[in-house]
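Side chains are part of it too, since the values below use all heavy atoms of this structure and drop only hydrogens, waters and symmetry mates. Labels below follow one simple rule: chain letters A, B, ... track the order of the sequence lines, proteins then strands, and each chain is numbered from 1.
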2 protein chains.
Amino acid sequence: MDEPKTRAARRAATAQRILEAAQTEFGEHGLEGATVRSIAQRAGVDPSLVIQHYGSKNDLFAIAIRLPRESTGDDVAGHLFDVLDVRLGELPPETRALVRSMLTAPEATEAMRDFLNERVANLARAGGGDDADLRAALTVSSILGLTIARHFLRLDALAEISGPQIETTVRPWLTAALDEDVRPAR
Amino acid sequence: MDEPKTRAARRAATAQRILEAAQTEFGEHGLEGATVRSIAQRAGVDPSLVIQHYGSKNDLFAIAIRLPRESTGDDVAGHLFDVLDVRLGELPPETRALVRSMLTAPEATEAMRDFLNERVANLARAGGGDDADLRAALTVSSILGLTIARHFLRLDALAEISGPQIETTVRPWLTAALDEDVRPAR
DNA sequence: ACTTTCACTCAACGACTGTAGAGTGAGAGG
DNA sequence: CCTCTCACTCTACAGTCGTTGAGTGAAAGT
C-alpha cells in the first residue's frame with residue numbers, strides 16, 4: 001500500500017482525504033447541507049482537524065469547487081463536455097460540488113458564472129459571425145441544462161441512455177447553433 | 001384599502017402574506033438559507049405564527065413551490081416558457097422558489113423532476129416520431145438551462161437582452177429538435 | 001354588558017452548527 | 001535513550017435554528 005514515511009507526507013495525505021470527503025459531501029448535500037462533522041466522519045478524522053487544515057468550512061468549500069483549467073489546444077466544446085460531463089456516467093467530484101451549490105451558495109454562483117462566461121467568450125470567438133455571443137450562450141446553457149436534468153434531476157428520458165449515445169446524438173444539435181444564424185426571418 | 005371584516009378573512013389574509021413572504025425568501029435563499037424568522041419578519045409577524053399556520057417549515061415550503069397546472073388548450077412549449085420564464089424579466093415567485101432549491105432540497109428535486117417528466121411526455125406525444133422522448137427531453141432541459149443561466153447565474157450574454165428577443169431568437173432553435181431527427185448520419 | 005373565542009405575541013426549550021484552545025501520544029532529532 | 005515536535009483528538013462555547021406552550025387583548029357571540 002501507500003503508507004508515506006515522513007510526517008509532512010502523512011499530513012498532506014490526510015489533507016487530501018479531507019478534501020475528497022468534502023467534495024463528496026458538498027456534491028451530495030450542498031454547502032449548507034454538508035456539515036464539518038459529516039465531512040470529518042467520512043474522512044475518519046476529528047471535526048476540528050478539518051478546520052485546522054483548511055481554516056474554515058467556507059475556505060474548504062472554495063477549494064473543493066475549483067475546476068481544472070482548460071488544457072491548451074482542446075476544443076472548447078469538448079472541454080465543456082468533460083467538465084459538465086455528458087460523456088461519462090458520473091461527474092467529476094469538483095463539478096458535482098460546484099453545480100450542487102450553484103443556486104444557493106453565492107461563492108458557487110459566482111464561480112459558475114465566471115466559468116461559463118469564459119466558456120461562452122471562447123466559443124463565440126471560435127465561431128464568430130452575428131449574434132455570436134448569444135448563440136454561444138445558448139449552446140453553453142443547453143449543456144448546463146442537460147447536465148442538471150441528467151445527473152441531478154435524473155429525468156426519465158435522459159437518465160437511462162448511455163453517455164456516448166448522448167454525445168453522438170446531442171452534440172451535433174447543440175453545436176449547430178454556433179454555425180447557423182438562429183434568428184428566424186421576420 | 002382592502003381591510004377584510006370577518007375574523008376568518010383576516011386570518012386568511014395573513015396566511016397569504018406569510019405564504020408570499022415565504023416564496024420570496026425561499027426564492028432568494030433556498031429552503032435551508034431562508035429561516036422561519038426571516039419569513040416571519042418579512043410578513044410582519046411572529047415566527048411562531050408561521051408554524052401555527054402551516055405546521056412546519058417543510059410543509060410551508062411544499063406549498064410555496066407548487067406550480068400552476070397547465071391550462072388545457074395551451075401549447076405545451078408555451079406553458080413551459082411561461083413557467084420557466086424566458087419571456088418576462090422576472091420569474092413567478094413559486095417557480096423561483098422551486099428552481100432555487102431544486103439541487104439541494106429533495107422535495108424540490110422530486111417536484112421538479114415530476115413536472116419536467118410530464119412536460120417531456122406531453123411534448124413527445126405532440127411531436128411523435130423516432131426518439132421523440134429524447135428530443136423532447138433535449139428541448140425541455142435546454143429551456144431549463146436557459147432559465148438558470150439567465151435568471152440565476154445571470155450570464156453576460158443572456159442577462160442583458162430582452163425577454164421577447166430571447167423568445168423570438170431562441171424558440172425556433174429549441175423547438176427544432178422536436179420536428180427533426182437529431183441523430184446524425186452514421 | 002358580560003363572556004367566550006381566537007388570531008396573535010412572548011419567552012423558552014433542546015438540538016445542532018462552526019470553531020477555538022487545551023491536551024496527548026507517537027515519532028523525529030539528537 | 002531522552003527530549004521535543006506536531007499531527008491529531010477532546011471538550012467546550014456561543015450562536016442560530018425549528019418548534020412549543022402559555023399568555024393577551026381585541027373582536028364575536030349572546
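Scored by the ring-ring contact (aromatic ring centres under 6.0 Å, His included) test, B/Tyr54 finds no partners at all (sequence neighbours excluded).
Here the P atom of nucleotide C/dG18 and the CG atom of A/Asn58 are 10 Å apart, to the nearest Å. Across the protein-nucleic acid pair, A/Leu60 atom CG and C/dT17 atom P stand 16 Å apart, rounded to whole Å. In this structure, the CZ atom of B/Arg17 is 14 Å from the P atom of C/dA7, given to the nearest Å. Separating the CD atom of A/Gln52 from the C1' atom of C/dG23 is a distance of 12 Å, rounded to the nearest angstrom. Distance A/Phe61 CZ to C/dG18 P: 13 Å, rounded to the nearest Å. Distance, A/Ile39 CD1 to C/dG18 C1': 11 Å, rounded to whole Å. Rounded to whole Å, the distance from CZ on A/Arg10 to P on C/dG27 is 7 Å. Between the C1' atom of C/dA7 and the OH atom of B/Tyr54 lies a distance of 14 Å, rounded to the nearest Å.
Which of C/dT9, C/dG27, C/dA22 sits closest to the side chain of B/Asp46 comes down to C/dT9. Residue A/Thr35 places its side chain closer to C/dT17 than to any other of C/dT17, C/dT19, C/dC8.
Among the heavy atoms of the strands lying under 4.0 Å from A/Ala34 are primed sugar atoms or P, OP1, OP2 only; no base atom is included. A/Ser48 comes within contact range of at least one nucleobase, with a heavy-atom separation under 4.0 Å. At the heavy-atom level, A/Ala12 lies nowhere under 4.0 Å from the strands shown.
For the pair A/Arg96 and A/Phe26, the cation-pi criterion (under 6.0 Å, within 45° of the ring axis) is not fulfilled.
An OP1 or OP2 oxygen of C/dC8 is reached within less than 4.0 angstrom by a side-chain nitrogen or oxygen of B/Arg11.
Residues A/Ala136 and A/Val120 approach most closely at CB-O, 3.6 Å, considering heavy atoms. Scanning all heavy atoms of the two residues, the minimum distance from B/Ala97 to B/Ala64 falls at CB-O, 4.4 Å.
In terms of position on DNA chain D, the residue among A/Arg37 and A/Gly44 whose nearest nucleotide sits closer to the 5' end is A/Gly44. For the pair A/Ile51 and B/Pro47, nearest-nucleotide mapping onto DNA chain C gives the more 5' position to B/Pro47.
Defined by atom type and a distance below 3.5 Å, a donor-acceptor pair is missing between the side-chain atoms of A/Ser56 and A/Asn58.
Between the side chain of A/Glu32 and the base of C/dT17 there is no donor-acceptor pair of N/O atoms closer than 3.5 Å.
Using a 4.5 Å heavy-atom cutoff, the side chains of A/Val99 and A/Ile148 are in contact.
Residue-environment remark: CZ (B/Arg154) stays at or below the threshold of 12 foreign heavy atoms within 6.0 Å.
Of all nucleotides in DNA chain D having an atom under 4.0 Å from a heavy atom of chain A, the first and last in 5' to 3' order are D/dT5 to D/dA12.
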